[in-house]
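Can you read through this structure? Questions will come right after.
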Amino acid sequence: MARANWLKGDVVSGAVLAALGVYVINEARQWTYSGVEGPGPGFFPLWYGIAMVVLSLALIATSVMRPVPGAGKSVDWRGIGRALLVWVVFAGSIALLKPLGFLVVLALLTLFVVAGCTANPWRRAVPRLPAMRLVFIRFFHWR
Amino acid sequence: MEILANLGHGFAVAFEPLNLFWCFVGVFLGTVVGIMPGLGPPATIAMLLPLTFNMHPTSALIMLAGIYYGAKYGGSTTAILLNVPGESASVVTCLDGYQMARKGRAGAALGIAAIASFIAGTVGVLGLMLIAPPLAKFALSFSSPEYFALMALGLAMVVLLAGDSMIKALLAMLVGLWIAGMGIDLFSDSSRFTFGQTEMLDGVDFVIVAIGVFALGEVFGNMESREKGTLLPVPKGMRNLLPTMAELKACRFAFINGSVIGFLIGVLPGAGSTIASFISYGVEKAVSKHPEKFGTGVPEGVAAPEGANNSETGGALVPLLTLGIPGSGTTAILLAAFILWGLRPGPLMIQDNPELFWGLVASMYVGNIMLLVLNLPLIPLFAQILKVPTWLLYPIIFGISIVGVYTVSSSLFDCAMLAAFGLLGYAMRRLDYPSAPLILGLVLGDPMERALRQSLMMSQGDLSILVSRPISATMLLLTVALLLLPLFRKFNTWRVKAIEENG
């Protein structure tokens, strides 16, 4: 089997979901499956965990066996990298919420998004920050 | 007579100044998000959900429903002027709407879309008003096994039509069930999937997942690239927006076709407005005296799909309000909103909350008139929304998302979870996993597990209770049939083709 077939998104996501399914089954086995009052907390998760493993393996198998039309087309890694960078900054800004406060974090986030979306980031971004802060101050007061 | 009396009561509720205001806010916001490509009604409703906590449920529902059906009106504007559908249901409108605009009939196309939306939207509400009460009465005979079977059927229909890979749709649904199962067990004090975090004992709030997967997932996805179309000149003046008598005459069957098909498709969970608009367009083309002209800019090609996608809204509210079964991502968020307000949609909903149900129905009539008034003369103004730059839009979405989640629990842990679900939403978009089954699995996870376990308690663990009762047996049989259908090659080819056409 070609190495590229094993690196496809479907195979990787299938493997992650299969691992999640195994984790769900493993956890569910530690809880009561069925008691005197009827099915226990382990009943439902056990079955959807099994379904998750079976379907993930089916996804991996179909993906590896049957090449998807257009699978050879190049992936826009630059675009993905940009989206993931914005996510990292967003996640980081949440971590900074406590020490810096919401409005400062939002200002920094705005600055970054402007830098990522426009051609002249600093010239455009800096004048927008007070306006953005004002929008959210109004928002808080309305709440 | 009882219906008319109830409707009269509903109009009294809808005409309260505050409710009129929220109805206007809803339809206005709906039109705006409908016009904006890349920001759909589920994302908007999810983001605004925390703001409705302190509102009266009737006013809040009137506003959120306004966003839902208002977006259908707005979606046609970009489809006609830009050849870019504001939302997926407007894909078909591009075919003839954009061609009409290129021929200098943009005003007429926008006018026909608004008139078709108004007629079909009104028919949809009429259908909701007539069908929901008897269906709710019928559903009163349902017990736990029937509810479990009904939820399984609803999920199966959504999975069937959610994406071109049914395996991925099923996996997304299972992940939704898993997230729903986090926290303290429904019937015992066991904690499940909490990873040792006390913050997880109450489970994961729906708002966090909905905002993360829909709103943030969409923004991160749009960060990859931003398509820019060329805006055609928007006609100014009311006269230029009105279609000619000949055009209206040509559309008379399309108005009825779109209204009826849209409503019927809407009642079916999973089918959605995109499929409704495609089927309605196909029927219109099939019965037309000049099918070869479809796609070149015929007014019927705009009226039929626009009517269908608006009428579908009324249909989609039938199973939601009478059975508590949402058929799409947006109605799943509306269901979550009901639960957050302490209400439980189902057979007793209309009986226990007549003010809310009839107030909503009446507000939809009022909202449709507001939309017609808003959309005809203000189209040039709304078209300017397309010029809103991303640097303004995305930070606002980020800010509202953080504030929205923090409002729910005042917990930074939940904000961190928001980031995690945002990444999940982006990964799902990137890897072609449909998000509607995940949201439906999340919303229906708890009630489905409760119904199953209660059924098995009733039968002392005997699974045959699910198939020994005629209604639940029929629904489970249909569920199995739906899940097995893709195994038949011919049907699967049709299914995949239909989904691919839907974009």
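Letters A, B, ... mirror the listed sequences (proteins, then strands); counts begin at 1.
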Based on non-hydrogen pairs under 4.5 Å, which of A:G35, A:G38, A:A83 is most in contact with chain B?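 Heavy-atom pairs under 4.5 Å are most numerous for A:A83.
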
Point-to-point distance, once rounded to the nearest 0.5 Å, from CG of A:L96 to CG of B:L412: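 Separation between the atoms: 11.0 Å.
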
When rounded to the nearest 0.5 angstrom, what distance separates CD1 in B:I167 from CG in A:L59?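 So the CD1 of B:I167 and the CG of A:L59 are separated by 6.0 Å.
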
As an exercise: rank A:L20, A:L109, A:I80, A:V105 by heavy-atom pairs under 4.5 Å with chain B and give me the winner.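 Max contact count across the listed options: A:I80.
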
Step-by-step side-chain contact (heavy atoms from CB on, under 4.5 Å) determination, B:Y406 to A:L97: CA-CA 11 Å; B:Y406 193 76; A:L97 271 175; 5.9 Å; no

Sequence neighbours left out, what passes side-chain hydrogen bond (donor to acceptor under 3.5 Å, both in side chains) with B:R453? Give chain and number order.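 Partners of B:R453 under the side-chain hydrogen bond (donor to acceptor under 3.5 Å, both in side chains) test: B:D185, B:E449.
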
Go through the atoms of B:S455 and report whether side chain, backbone, both or neither lie under 4.5 Å from a heavy atom of chain A.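 Neither part, no heavy atoms under 4.5 Å.
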
Taking side chain as everything from C-beta outward and backbone as N, CA, C, O, which of these in A:L17 sits under 4.5 Å from a heavy atom of chain B? Side chain, backbone, both or neither.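 Just its side chain gets close to chain B.
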
B:I396 side chain near A:T110 side chain, heavy-atom distance below 4.5 Å: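 Side chain of B:I396 against side chain of A:T110, heavy atoms only: no contact under 4.5 Å found.
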
Is it the side chain or the backbone of B:I402 that comes within 4.5 Å of chain A heavy atoms, both, or neither?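 For B:I402, the contact with chain A is made by the side chain alone.
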
If I measure from the heavy atoms of chain A, does B:L452 come under 4.5 Å with its side chain, its backbone, both, or neither?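 Just its side chain gets close to chain A.
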
Would you find more than 12 non-hydrogen atoms of other residues, nucleotides or ligands less than 6.0 Å from A:W31 atom CH2?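 For A:W31, atom CH2 is crowded (more than 12 foreign heavy atoms under 6.0 Å).
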
Can you tell which of B:Y426, B:F193, B:F187 has the highest number of heavy-atom pairs within less than 4.5 Å of chain A?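 Maximum pair count with chain A is reached by B:F193.
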
Under 4.5 Å from a heavy atom of chain B, the part of A:F43 involved: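 Only the side chain of A:F43 comes within 4.5 Å of chain B.
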
Side-chain touch A:D10/B:K168, heavy atoms, less than 4.5 angstrom: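 Counting from C-beta outward, A:D10 and B:K168 do come under 4.5 Å.
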
Shortest non-hydrogen separation from A:S56 to B:L171 and the atoms involved: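 Distance-wise, the nearest heavy atoms are OG-CD2, 3.5 Å.
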
Give, for atom CZ of A:F90 and atom OG of B:S401, the distance between the pair rounded to the nearest 0.5 Å.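 The OG atom of B:S401 is 6.0 Å from CZ of A:F90, to the nearest 0.5 Å.
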
Is any side-chain heavy atom of A:V86 closer than 4.5 Å to one of B:Y394?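 In short, these two side chains do not touch, never coming nearer than 4.5 Å.
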
When heavy-atom pairs shorter than 4.5 Å are enumerated against chain B, which of A:A95, A:G49, A:A91, A:P45 gives the highest number?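 Between A:A95, A:G49, A:A91, A:P45, the count favours A:P45.
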
Please check if atom CG in B:D462 has more than 12 non-hydrogen atoms from other residues, nucleotides or ligands closer than 6.0 Å.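 Yes.
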
Of the backbone (N, CA, C, O) and the side chain (C-beta and beyond), which part of A:L85 lies under 4.5 Å from a heavy atom of chain B, both, or neither?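 No part of A:L85 comes within 4.5 Å of chain B.
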
Which atoms of A:S34 come close to chain B, meaning under 4.5 Å heavy atom to heavy atom: side chain ones, backbone ones, both, or neither?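 Contact with chain B involves no heavy atom of A:S34 at all.
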
Heavy-atom closest pair, residues B:L431 and A:S13: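 Minimum heavy-atom separation between B:L431 and A:S13: CD1-CB, 3.9 Å.
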
Enter the distance from B:D446:CG to A:F44:CZ here, rounded to the nearest 0.5 Å.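 Here the interatomic distance stands at 9.5 Å.
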
Suppose a student defines contact as a heavy atom less than 4.5 Å from any heavy atom of chain B. Which residues in residues 22-30 of chain A would they list?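 Listed by number, the contacting residues are A:Y23, A:V24, A:E27.
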
Which heavy atom of A:I94 sits nearest to which heavy atom of B:A416, and what is that distance?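 It is CG2-N, 3.8 Å.
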
Which heavy atom in A:Y48 sits nearest to a heavy atom in B:L177, and how many Å separate them?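 Of all heavy-atom pairs spanning A:Y48 and B:L177, the closest is OH-O, 3.8 Å.
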
Between A:W87 and chain B, with a heavy-atom cut-off of 4.5 Å, which part of the residue counts as in contact: side chain, backbone, both or neither?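 Contact with chain B is through both the backbone and side chain of A:W87.
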
